[in-house]
Each structure stands twice: as C-alpha cells, then as structure tokens.
There are 2 protein chains.
Amino acid sequence: MAISPPRPKSFALTALRAFEASARLGGFSAAAQELGVTPGAISAQIKSLEAELGAPLFQRSAKGVVLTPLGAQSLPGFGQAFDQLGLAVQQMRDAAAPRVVHIATLPAIAQFWLSPRLPQLRAEMPGTEISITALEQPPNLKRTSYDLCLFFAETEGTILAEDVIFPVCSPALAEQLTTPMDLLNLPCLYDTSWEEDWEHWLTQAALPHHIAPRGPVYSLYALAVEEALNGAGVLIGHEALLTPYLAGGQLVAPFGQKAILPKALRLWSMAGRHADSASQEVARWLKTKRQTPPRQG
Amino acid sequence: MAISPPRPKSFALTALRAFEASARLGGFSAAAQELGVTPGAISAQIKSLEAELGAPLFQRSAKGVVLTPLGAQSLPGFGQAFDQLGLAVQQMRDAAAPRVVHIATLPAIAQFWLSPRLPQLRAEMPGTEISITALEQPPNLKRTSYDLCLFFAETEGTILAEDVIFPVCSPALAEQLTTPMDLLNLPCLYDTSWEEDWEHWLTQAALPHHIAPRGPVYSLYALAVEEALNGAGVLIGHEALLTPYLAGGQLVAPFGQKAILPKALRLWSMAGRHADSASQEVARWLKTKRQTPPRQG
DNA sequence: GATTTAGACTCACTTTTTCTGACCTTAGAT
DNA sequence: ATCTAAGGTCAGAAAAAGTGAGTCTAAATC
C-alpha cells in the first residue's frame with residue numbers, strides 16, 4: 001500500500017503516438033519516417049511503453065515486427081483517437097489562420113512546377129498566404145498539418161499531368177545526337193530519387209538497356225537540370241517539370257521516344273475539407289490553370 | 001519558397017493536452033493540478049501553442065483566463081480526442097493486465113478504511129492484484145489510469161457510508177469531559193484537509209463556534225489520530241474511518257452530538273466498464289462487504 | 001553456400017523539451 | 001488598504017527524446 005510518487009502520470013503521449021504509427025505502418029522504420037525521427041527513437045519509445053504496460057505490443061524478428069494480439073487489439077482505438085486529434089488540430093489551425101495554405105511537395109516539383117505558377121496564383125488570390133514545404137515523401141495528411149499534397153503518385157487525388165519522361169539536353173549537345181545509340185558516348189544524368197527513369201524510358205522505347213551507362217548522380221533534380229543546361233550531358237527529363245525550358249529552347253529533346261510513368265503528378269487534400277476553404281480554392285486553381293507559365297529569369 | 005527544416009513536426013502533444021485541460025477546467029492552475037505539474041509549466045505550454053498557432057486561445061486577466069472564440073471553438077474536438085485516447089489507453093491496460101485494479105483514494109481512507117479490508121478482499125479474490133494510490137484530490141478517470149476512485153464526494157458514484165463526524169479522544173481523556181464546553185480547555189486536533197470539520201460539527205450540534213479553539217494541525221490524518229490515541233487532545237473524527245478504534249475502545253466519543261457532512265464516502269469508476277472486469281468485481285465487493293473489519297494490530 | 005539487405009537493437013552522448021522555484025503583477029474581495 | 005487567487009516571467013535544473021555508429025539476424029539474391 002505504497003503512497004504514490006508525486007506525479008500520477010498517465011502514459012507518455014509520444015510513446016503512444018510511436019505505437020500507433022508503428023502498428024499502422026507495420027514497422028518501426030516506417031513509423032520513424034512518418035514521425036521524422038530515427039528508428040532507434042521509435043524502438044526506445046515502444047520499449048518504454050511495453051515496460052510500463054508490462055506486456056509486449058510487438059513480436060520482434062530480424063525481418064521486422066509483428067503486432068501481438070494485445071497490440072492488434074489496441075490499434076483501432078489509438079488510430080481513431082489520433083485521427084480525431086489530428087482533425088481537431090486541423091480545425092483549430094483553420095480557424096486561427098483561415099487564409100493560410102500549406103503545400104507539401106517534392107523539391108523538384110516545388111522548384112520547376114509550382115514556383116513558376118506562384119506569382120500568378122498569388123496575384124489572383126491576394127490575402128491568401130501560400131507556404132510550401134519540400135519533402136521527399138508525401139506526408140500523412142491525417143497526422144501532419146499540411147493542407148495539400150502535390151506528388152507523383154499512382155492513385156491518390158486528381159491528376160494534374162501525366163509523368164512523361166524522355167532524354168533532354170542543351171541544343172548544342174543535341175546536334176551531336178542522332179540515335180539513342182549515341183548515348184553510349186555521353187554522360188547520362190539522373191537524380192537519385194528517380195534512379196529507374198532511364199531504365200523505364202529504355203524499356204518503353206524498346207531499346208537495349210545497356211546504352212544508358214550510369215552517369216553523374218545528383219541528389220537534387222535542380223542540380224541535374226543545371227548541368228543539362230550547361231551541356232554537361234543528357235538528362236532523363238520529366239516533361240511536366242521542364243516545360244518552360246523546352247518551350248524556351250534552353251533544352252531540347254534529341255529523340256522522339258517518350259515514356260509515361262505509372263505515377264502521375266497528382267494533387268490531393270484531406271477528405272472532408274470545406275469546399276470554400278482557402279486550401280480548396282488553391283487546389284481548384286492548380287487543377288484548372290494548367291497552361292504553361294512563361295519561362296522566368 | 002524555403003525548403004523546410006528536416007522535421008515537419010506537427011503540434012506538440014503535451015501542449016495540446018495542456019490546452020484541453022485548461023479549457024475544460026477553466027484555468028491554468030486547475031489544469032496544472034490535473035496534469036501534476038506547476039501552473040508555470042501550463043502557462044508556458046499554452047504560450048508556445050499560441051505562438052505556433054499565431055493566435056491567442058485564452059484571454060488573460062488577473063482573475064483568471066477566459067477562452068477566446070477560437071479556443072472555445074476548438075475545445076470540443078480536443079475533448080473528444082483526448083477522451084478517446086484515454087479510453088484506448090484504458091482498454092489497452094485492461095487487456096494487458098486484466099487482473100490488476102488501481103484504486104485512487106485519500107491517504108486517510110487508504111489507511112483507515114481500505115487497508116483494514118484489504119486482507120479479506122485479497123483472500124476472496126486471489127489472482128487479482130490491487131494497488132492503491134493516495135491522492136489529495138479525486139483524479140479524472142478519463143485522463144488517468146486508475147480503475148476506481150474512493151473519496152468523500154457529493155454526487156459521484158455510489159455511497160459506501162455517510163460521513164458522520166464527532167469529537168473523539170482516548171478513554172482517559174474522556175473522563176475529564178462532560179459537556180462540549182470542556183473543549184475550551186483542551187487541544188482540538190484536526191487535519192489540514194478537513195479544516196472546517198469542527199465548525200461543521202459545532203453548527204450542526206447547535207453549539208457556539210468559539211468553543212473549539214484551533215489546536216494542533218496535522219497534514220496527515222493518521223498523525224492526528226495517533227495523537228488522539230496518545231491522549232494529546234480531542235480529534236474531530238470521521239466515523240467511517242475510525243470504526244475499528246471505536247469498536248475496540250481505543251477511542252471514545254465523549255459527547256452524543258453527531259454531524260453528517262454533505263460529502264459521503266463514495267466509490268466510482270469510469271462509465272462503460274465491463275461488468276465482469278476485475279475492477280467491477282472489486283467495486284461490488286467493497287459496496288457489499290460493509291461490515292466493520294476487526295481492529296488489526 | 002556466400003553475399004547482400006532490411007529491419008531492429010544497443011549504448012554512449014547530445015540536444016531539446018519540460019519543469020521547477022522564486023519572485024512579480026493584477027483585480028476583485030475583505 | 002490589505003489580502004488573496006490566478007497568471008506571468010526567468011534562470012537554472014532535470015528529464016526526456018533523439019542521434020549515430022556499430023551489431024545482429026533472417027530472408028532474399030547471387
């Protein structure tokens with residue numbers, strides 16, 4: 001009958017969130033990614049939760065984790081609770097700053113697709129503040145505070161443009177190219193997050209795979225584009241992103257073959273937003289005003 | 001179009017909890033009490049939340065805080081979310097340790113009412129682990145992980161015993177007492193958390209208030225009882241707690257007058273528990289087995 | 001059968017968050 | 001006028017959370 005320590009603390013909220021994410025996503029690494037921490041942090045959180053609880057929530061193996069019956073049984077309740085919490089946060093933010101729209105997108109999309117359209121968007125929607133966050137992966141809208149997601153994806157939301165890819169290079173370099181076989185003698189640029197682009201293109205163009213030797217790798221698409229503009233090699237380009245350069249002639253497509261990737265440029269928001277919210281207005285604008293903006297600079 | 005910092009962090013869960021508690025309870029101090037921290041901590045949490053949000057949630061004044069429209073509008077959502085979270089935790093704990101019952105109660109009740117009954121309870125419910133936490137205030141069952149609350153309260157739950165109070169003292173001391181007026185010459189013991197007991201008794205016994213001068217104060221009822229047993233003075237006693245001593249003759253009631261306080265000894269649990277849960281079994285046992293246990297020691 | 005790979009764990013260390021404790025301020029109540 | 005209750009502030013302390021490098025294991029691949 002011990003008199004308790006001063007603080008009758010409930011469970012650690014962070015640990016509960018770590019559990020929910022891990023259970024929902026089926027692994028600590030995935031949860032770590034969603035929550036923006038390292039897997040080790042998740043591992044520690046779960047461990048402390050299990051210790052406090054006195055029972056394991058996951059069964060560990062070298063291949064990953066599997067929920068125990070206890071964990072599986074607990075997941076739905078926490079899922080709902082955190083959904084509701086996220087919704088409450090969303091609504092609070094909306095009420096506090098109704099004219100602010102947070103867009104999450106790929107760095108490359110932000111720079112090459114969204115940025116050129118922003119001036120006109122801002123001009124047509126004065127009073128609406130648009131902030132853009134570049135992320136490598138689409139965030140979970142239920143758990144983060146972004147209003148819109150703009151990524152290459154297969155199913156979610158609505159398509160803004162198909163992802164058409166084909167080699168591009170500077171006009172000077174293009175003069176040296178007549179057939180795809182000429183690629184063998186040139187650097188083939190690509191971005192790390194789109195490693196399979198060359199392969200996809202070669203496949204869809206029915207060309208042998210070996211003709212695109214690995215060239216310089218860039219961790220940022222912008223860098224690769226810059227190099228292509230400088231004539232440093234042939235880049236496997238995404239049409240949607242490079243339209244201004246192609247229209248302006250700074251980049252040209254030396255070959256006719258094009259490939260369409262299964263993941264199109266898509267825009268989505270959280271289900272259940274008011275149609276008259278600022279975010280939905282922005283979404284509508286982005287969906288309709290699809291004309292190529294003028295090349296800037 | 002800044003590329004965001006590495007962590008697309010959502011809101012701090014702790015701050016949201018602080019907001020919810022403050023809004024629900026109508027003040028930072030009350031929230032601090034429920035969450036087991038100092039008011040300063042709550043103040044800081046709310047401040048950081050408001051800063052992140054860019055809008056105030058409370059309107060401050062020297063007298064207290066009032067929700068802004070934004071805060072008032074946000075409260076229900078968070079209330080539901082944290083209710084659901086608490087429920088999920090509760091269910092998880094139940095599933096993890098179905099035979100463990102946590103009881104929250106006053107230190108005095110724990111020692112003088114519950115403790116004497118525990119041996120028999122444990123004997124009749126083997127396999128059920130009962131843990132007791134002594135708190136000065138009844139915790140919010142929706143937000144903490146206790147199964148049962150046992151406190152003096154006016155409305156909640158079911159009555160286990162009325163709170164009948166009257167002066168008690170050692171038999172030796174009682175011989176010197178014939179009328180309440182004799183109290184003027186003796187120390188009148190009382191516990192800090194029951195400061196008004198003497199007054200209540202005097203009122204209900206229709207006696208002048210001045211005859212119970214303030215005597216030694218104890219921060220723990222157990223200490224006051226100990227002193228009374230030692231003959232150090234007259235204690236304003238709670239019948240429910242002192243039954244064993246009265247039955248055993250270690251303490252006697254020198255006067256006939258008794259008073260009944262509006263707050264009875266009551267037991268309650270969170271709504272919606274399964275009737276076959278261990279906590280409900282324990283609750284049933286406590287409600288039915290009301291006979292006075294033998295004085296121990 | 002050897003190698004790679006993905007996922008998780010450990011541990012020492014660092015960073016960040018959270019909390020306290022002492023003191024100040026304010027407005028209504030005594 | 002003084003008291004009291006409720007907040008605010010701030011420096012420093014304590015606790016929590018997170019990192020990063022290295023290890024382990026089992027399945028998948030070569």
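The structure presented is a predicted model; accordingly, all values stated were derived computationally and were not measured. Below, chains carry the letters A, B, ... as their sequence lines are ordered, and counting in each starts from 1. Values below: every heavy atom of this structure, side chains too, minus hydrogens, waters and symmetry copies.
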Indicate yes or no: at least one non-hydrogen side-chain atom of B:Asp191 is less than 4.5 angstrom from one of B:Asp197. no

State whether A:Thr38 places a side-chain N or O below 4.0 Å from either non-bridging phosphate oxygen (OP1 or OP2) of D:dG20. no

Between C:dA8 atom C1' and A:Leu57 atom CG, what is the distance in whole Å? 16 Å

What integer distance in Å separates A:Leu25:CG from C:dG7:C1'? 14 Å

For the pair made of CD1 in A:Ile46 and P in C:dT10, what is the distance, rounded to whole Å? 14 Å

Side-chain contact check for B:Val37: nearest option of D:dT19, C:dT20, C:dT10 is C:dT20

Expected list for residues 58-65 of chain B near DNA chain C, using heavy atoms below 4.0 Å, is B:Ala62

From the set D:dT19, D:dA6, C:dC9, return the single nucleotide nearest to any side-chain atom of A:Phe28. C:dC9

To the nearest angstrom, how far is A:Glu52 atom CD from D:dA17 atom P? 10 Å

What is the separation between atom CD1 on B:Ile42 and atom P on D:dG7, rounded to the nearest whole Å? 10 Å

Which is more 5' along DNA chain D, the nucleotide nearest B:Gly40 or the one nearest A:Pro39? Just name the residue. B:Gly40

Please tell me if the side chains of A:Trp198 and A:Leu183 come closer than 4.5 Å, counting only heavy atoms from C-beta onward. yes

Could you state the atom-to-atom distance from CG of B:Leu16 to P of C:dT18 in whole Å? 11 Å

Nearest to the B:Gln45 side chain among C:dT10, C:dT18, D:dA17, which nucleotide is it? C:dT18

Aromatic rings B:Trp268 and B:Phe151: how do their planes relate, parallel, tilted or perpendicular, breaks at 30° and 60°? tilted

For a 4.5 angstrom cut-off between non-hydrogen side-chain atoms, does A:Tyr146 reach A:Ser279? no

Can you measure B:Leu13 atom CG to D:dA16 atom P for me and round it to whole angstrom units? 16 Å

If the plane angle is over 60° it's perpendicular, under 30° parallel, otherwise tilted; pick one for A:His238 and A:Phe152. tilted

Would you indicate whether the side-chain heavy atoms of A:His102 and A:Thr144 approach each other to under 4.5 Å? no

4.5 Å side-chain heavy-atom contact, A:Arg17 and A:Leu13: no

So if I take every side-chain heavy atom of A:Lys47 and compare against C:dT10, C:dC19, D:dG7, which nucleotide ends up nearest? C:dT10

Quick one: which of D:dA17, C:dG7, C:dC19 gets closest to the side chain of A:Thr14? D:dA17

Interatomic distance, B:Arg17 CZ vs C:dT18 P [rounded to whole Å]: 10 Å

OP1, OP2 of C:dC9 versus side-chain N and O of A:Ser43: anything below 4.0 Å? yes

